[in-house]
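Taking it in order: structure first as structure tokens, then the write-up.
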Amino acid sequence: MEIQRILFPQIGRCTECGLYFRLDRPDSGSQEKVRTQYVIGDQKIGFERRGKVWFDTYFNGLSIEKWTKYTIVKDVSLKLNISGRFKVSLINKEKIGTNISKKVLSEQILESEVPREFVLPYMDGSNRGMYTFELEALEDGSIFYGGAYAADVDEREIRTVKIGIGICTFKREAFIEKNLKIINEAVLENEASPLWGRMEVFIADNGKSLDIEKLQSDSIHIYPNRNLGGAGGFTRDMIEMMQNNAQYHLTHVLLMDDDVVIEPEALAKTYLVLSLIKEEYQDAFIGGAMLRIDQQYMQIEAGASWNGGALDSLKHNLDLRLCDACLYNETEEFSEFNAWWYCCFPIQIVREDNLPLPIFIRGDDLEYGLRNMKRLILMNGICVWHEPFENKYSSFLEYYIMRNQLIDNAFHCQWYGRRQVSRTMFKHCVQEIMFYRYKNVDLYLQGIRDFLKGPGWLMEQDGEALHKKVMSEGYRAQPLEELPMGFRYPIYEESLKENHTLKTRLSRNLSFNGIILRAKGDNIVSMAAVKTPQCYRKKRIMYYDESAKKAFVVERSFAKTVQYLLKTTKMLFTVSLKLSKAQEAYRREGLKLRTLEFWKGYLEI
């Protein structure tokens, strides 16, 4: 049984060759000739004599330690389709401290005048880290056509698995159409896929803008939905799966963002792990890592821990072109949830009394993970490509950040009390005041006020109307030509590399970032990655979104600084009086927010 195919880069998905294999290339300036040839889009690699290729990579190394720990897989073989003459080395690699342990398990010479499949067993391996292989051509014109890792499995032990993919979207037709095209071609219409007949797709269309007649099929189900954020969309998907499962026979739910690029083999690998999973791990979640869409080799997160709001994104900023990074991924760390850009779990978890909370956006996935996830399985090659969060900024999120953090912590972090809230709130509000983003302070404090009203208030809200109100009260980015301050890219570029000394830091601290000193000019900074020194003694700040080519402008005000410091201080007093009562109300009455009865009314189903 094939458990993992050898993959090649593909235009439209990923063209970063270093995620698939490492070619024997001479260093720049070297007179040594190139002995391997690969063209993106080809499903083969050509060799001259002495050409080498290594497959200890993110997509083509086998996570043998996790396969043998979580599944019934034991004996593994490598299938290779080649022509010509090769030396093949089967290898086991493991990260031990700062070193990489490499064990050559076997070396064989393979030869065939025509394309032929060879099967090579991995013998005497440690079942730790990664299985991989190396190819060295022994004659010109040798060609590698692909292959797969396979395992001997008793068919009677293979579980029946069917996955329901749940997608929530809001007016992102291009992404939806692209991903459905990939899923159709690779899975739903491909009888050779292990997932053929084993997948249904459910799409909650919060924008009510998809062409249902064009996109819907026997296996793709689209539901126009109220715009109640990711929480409302993903919950709608879960409800449809749960209530119609007598028809679909789903065993697992896979929630996935709409604005991602997917690798179909990640879906196949998820399915195969579930098909072969051991009895004691049946309730495990399978998570997908998030890789950057603009730097496809860079991993942003593979699992996360919540820590009451001090979020820890695990294995952040790993360059997955490096074998060391891939082996580090094999190391399992404490994790509390996996974000819903790619998160798979048993459908038994989805019950009438165990649906997500209606918190619109920011925190719905982590709360559901904290509530339900006992174990998270992560594996190299199970991932999506997503726009990095530093490229995204929305002022209205200030409202949801602390409100939803308080809701999540009320259920799951009872140690998070007045002292922690006050410290977090004061630090955040002071920073926004130093950024002159006074509207953000209002939004942030309003989110806290609304939490203190308790779960009854949240149950009574029209989430769609509330969100429109929240959006209207934040900063809106505008085209550069409509702004009262001219845009100059060199100023923006210079702000990205500002380096302040200990002397300037002391001056900033003593003068409240220069607010009591005379202003000296303007600055243009990153909307999502601004730092306090960039605002020091500036009169106006343009917050620029490089991806959207839009911005908004704020102006410093001593009077507003004093006013918003007083507002923040007043909220500290309010929190000390009301926080405990609101937290207890959520723990007691907030359970109604995650029931089918509540959601049917909320979604107007």
Can you give me the closest heavy-atom contact between [X] and [Y], atom names plus distance?
X      : Y      : answer
Gly164 : Met241 : O-CE, 3.5 Å
Cys535 : Tyr543 : SG-OH, 3.8 Å
Ala266 : Gly381 : CB-O, 3.5 Å
Trp196 : Val187 : CD1-O, 3.4 Å

Measure from NZ or CZ of [X] to the centre of the six-membered ring of [Y] and say whether it is under 6.0 Å with the direction within 45° of the ring axis.
X      : Y      : result
Lys439 : Tyr475 : yes
Lys315 : Tyr328 : yes
Arg403 : Phe451 : no
Arg371 : Phe411 : no

So, does [X] use its side chain to make a donor-acceptor pair with the main chain of [Y] at under 3.5 Å?
X      : Y      : value
Asn380 : Cys326 : yes
Asp257 : Asp259 : no
Asn60  : Leu7   : yes
Asn206 : Gly229 : yes
Asp462 : Ala465 : yes
Trp599 : Arg594 : no
Asn523 : Gln534 : yes
Asn225 : Ala204 : no
Ser217 : Ile220 : yes
Trp340 : Leu255 : no

Under the side chain to side chain contact (heavy atoms under 4.5 Å, CB included) rule, collect the residues that match up with Met242, sequence neighbours excluded.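 Scan of Met242 (side chain to side chain contact (heavy atoms under 4.5 Å, CB included), adjacent residues dropped) gives Val350, Glu352, Leu596.
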
Checking [Y] against [X]: is there a side-chain donor and acceptor pair closer than 3.5 Å?
X      : Y      : answer
Thr270 : Tyr342 : yes
His221 : Glu200 : yes
Glu336 : Ser305 : no
Asn354 : Asn372 : yes

Start with the C-alpha distance between Arg321 and Asp319, add both sets of side-chain angles, then the distance that settles salt bridge (charged side-chain N to carboxylate O under 4.0 Å, His left out), and finish with yes or no. CA-CA 5 Å; Arg321 295 173 297 185; Asp319 183 343; 2.8 Å; yes

Between [X] and [Y], does the ring centre distance come in under 6.0 Å?
X      : Y      : value
Phe396 : His467 : yes
Tyr492 : Tyr489 : yes
Tyr444 : Tyr399 : no
Phe337 : His412 : no

Crowding at [atom1], [X] (>12 non-hydrogen neighbours, <6.0 Å):
X      : atom1 : result
Lys531 : NZ    : no
Glu213 : CD    : no
Glu597 : CD    : no
Lys171 : NZ    : no

Is the shortest side-chain heavy-atom distance between [X] and [Y] below 4.5 Å?
X      : Y      : result
Arg159 : Leu276 : no
Leu195 : Leu272 : no
Leu311 : Asn307 : no
Phe552 : Arg476 : no
Met238 : Pro356 : yes
Phe360 : Asn404 : no
Asp522 : Met542 : no
Leu397 : Arg362 : yes

In plain terms, say whether [X] and [Y] are close enough for a salt bridge, that is, a side-chain N and a carboxylate O under 4.0 Å apart.
X      : Y      : answer
Asp545 : Lys550 : no
Asp42  : Lys44  : no
Glu494 : Lys497 : yes
Glu464 : Arg226 : yes

Option passing side-chain hydrogen bond (donor to acceptor under 3.5 Å, both in side chains) with Arg22 (candidates Thr36, Asp56, Thr57):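 One option only clears the test, and that one is Asp56.
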
List the steps and the verdict of salt bridge (charged side-chain N to carboxylate O under 4.0 Å, His left out) for Lys214 and Glu177. CA-CA 10 Å; Lys214 171 186 173 183; Glu177 291 185 16; 3.2 Å; yes

Verify salt bridge (charged side-chain N to carboxylate O under 4.0 Å, His left out) between Lys181 and Glu185, making sure each step is shown before the conclusion. CA-CA 6 Å; Lys181 184 174 185 293; Glu185 291 176 353; 2.8 Å; yes

Of Asn227, Leu215, Ile212, Ile222, which meets side-chain contact (heavy atoms from CB on, under 4.5 Å) against Asp205?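 Testing each of Asn227, Leu215, Ile212, Ile222 against Asp205, the sole residue satisfying side-chain contact (heavy atoms from CB on, under 4.5 Å) is Ile222.
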
What residue among Phe55, Phe59, Phe21, Tyr20 forms side-chain contact (heavy atoms from CB on, under 4.5 Å) with Ile6?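 Between Ile6 and the candidates, side-chain contact (heavy atoms from CB on, under 4.5 Å) is satisfied uniquely by Phe55.
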
Got a second to check how far [X]'s [atom1] is from [Y]'s [atom2], nearest 0.5 Å?
X      : Y      : atom1 : atom2 : result
Ile286 : Arg375 : CD1   : CZ    : 12.5 Å
Glu367 : Ile359 : CD    : CD1   : 6.5 Å
Arg488 : Ile524 : CZ    : CD1   : 8.0 Å
Phe234 : Cys343 : CZ    : SG    : 10.0 Å

Assess the residue pair Glu546 and Ser526 against the criterion (side chain to side chain donor-acceptor pair (under 3.5 Å)); give the C-alpha distance rounded to whole Å, side-chain angles, the decisive distance to 0.1 Å, and a yes or no. CA-CA 8 Å; Glu546 191 162 2; Ser526 167; over 6 Å; no

Identify every side-chain donor-acceptor pair in residues 9-18 under 3.5 Å, counting partners at least two apart or on other chains, and give the distances.
none

After noting the C-alpha distance and the side-chain angles of Gln446 and Asp450, does the key distance pass the side chain to side chain donor-acceptor pair (under 3.5 Å) rule? CA-CA 6 Å; Gln446 187 58 50; Asp450 287 348; 2.9 Å; yes

